[in-house]
Amino acid sequence: MFNLEQEIQNYCQSVHENGLDQEERIEELKDHLYCEIERLVKNEDLSEQQAFYKAIEYTGNADDLKNEYSKNDTVYAILHEIARGKILKPMNTKKAAVLQIVTALIFAASMIVLDYWIDHSQYAVYSESVRNWLLAAYMIPLFYLSTHERQCGWCGFSTIKQKFSNMFHKG
Amino acid sequence: MSMSKDLIAASATPLILSILNHGDSYGYDIIQKVNELSDGEVQWADGMLYPILHRLEKKGLVEAYWGASETGRKRKYYRLKKKGKEELTEQRKHWNQFHSMIQQLQGGMACSI
């Protein structure tokens with residue numbers, strides 16, 4: 001049975017999957033589709049299903065829309081997509097997986113090299129605390145990129161807070 | 001003869017800024033206004049408007065805020081910022097210049113005939 005709400009949600013998610021500001025963009029596109037469907041049902045006497053398919057036809061092909069949105073992507077947005085495993089278009093999933101593994105290996109290798117350098121440099125005296133600071137300098141941006149959903153500065157921390165809150169409120 | 005895609009694309013920004021100059025609006029309403037003003041001649045692929053709006057927002061020409069529709073749905077509204085008004089003034093100047101040039105050439109051709 002045709003479920004309008006579900007179909008709209010699926011379409012909007014397919015356009016904005018894994019992107020920055022995903023939730024906001026989905027809500028905006030949903031509002032647009034509902035407006036168009038209401039107009040078509042009222043003015044052209046179509047069923048909800050017919051109106052839905054006509055509305056997404058007017059709205060445009062999901063891939064075309066994705067490409068149009070990707071023109072707005074900043075370097076940050078691209079890094080965000082890499083961290084989340086959804087890579088630059090039009091790469092396929094195999095390439096995306098390879099790129100993600102390579103990125104992870106590069107990060108790991110650079111940490112090992114940096115660790116070795118600290119131990120054998122004049123900073124060896126401070127190596128424990130310097131190493132901790134460098135680890136934080138690496139991990140915080142990675143964590144931020146991998147959990148960031150909106151363009152706000154504290155999203156990663158609000159995610160942790162929410163998870164802890166859920167733990168205490170369970171049962 | 002249908003309007004060229006390049007012309008439609010080039011006119012998108014000044015049209016959006018002009019519409020917002022008359023008051024805050026949202027994506028679907030902007031598309032409807034463009035359709036009405038052009039008597040259906042200018043037809044945007046609906047979904048393409050939103051990336052343009054987001055670009056204008058990033059450039060600081062417009063500002064977005066969330067409100068509610070008549071049915072209570074979440075709706076994103078856009079308002080023109082001061083920088084957007086300045087940009088609109090510039091764009092209007094350019095378009096008027098082109099219009100004036102075409103008018104002059106048309107007048108010149110009429111005289112020579």
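Lettering of chains follows the sequences in order, A, B, ..., and the numbering in each one begins at 1. Computed from a prediction, not measured in an experiment: that's the story for all the values here. Just so you know, these numbers use all the heavy atoms, side chains as well, and skip hydrogens, waters and symmetry mates.
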Inset, instruction - Please answer: with hydrophobic residues joined when any side-chain heavy atoms are less than 4.5 Å apart, are B:I102 and B:L7 in the same cluster? - result: no
Inset, instruction - Heavy-atom distances under 4.5 Å only: say whether B:R75 touches chain A with side chain, backbone, both or neither. - result: both
Inset, instruction - Determine whether B:L56 and B:W66 fall in the same hydrophobic cluster, where Ile, Leu, Val, Met, Phe, Trp and Tyr are linked whenever their side-chain heavy atoms lie under 4.5 Å apart. - result: no
Inset, instruction - Would you check if A:E24 and B:K76 make a side-chain contact, meaning some heavy-atom pair closer than 4.5 Å? - result: yes
Legend entry - Interface residues of residues 34-46 of chain A facing chain B - heavy atom cut-off under 4.5 Å: A:Y34, A:C35, A:E36, A:E38, A:R39
Legend entry - chain A contact residues among residues 13-32 of chain B, heavy-atom distance under 4.5 Å: B:Y26, B:Y28, B:I31, B:Q32
Inset, instruction - With sequence neighbours excluded, give me every ring-ring contact (aromatic ring centres under 6.0 Å, His included) pair touching residues 40-61 of chain A. - result: A:F2-A:F52
Legend entry - Partner residues of A:Y116 under the ring pair (Phe, Tyr, Trp, His ring centres under 6.0 Å) criterion, sequence neighbours left out: A:H120
Legend entry - Working for side-chain hydrogen bond (donor to acceptor under 3.5 Å, both in side chains), residues A:E28 and B:H54: CA-CA 11 Å; A:E28 189 174 32; B:H54 296 160; 2.8 Å; yes
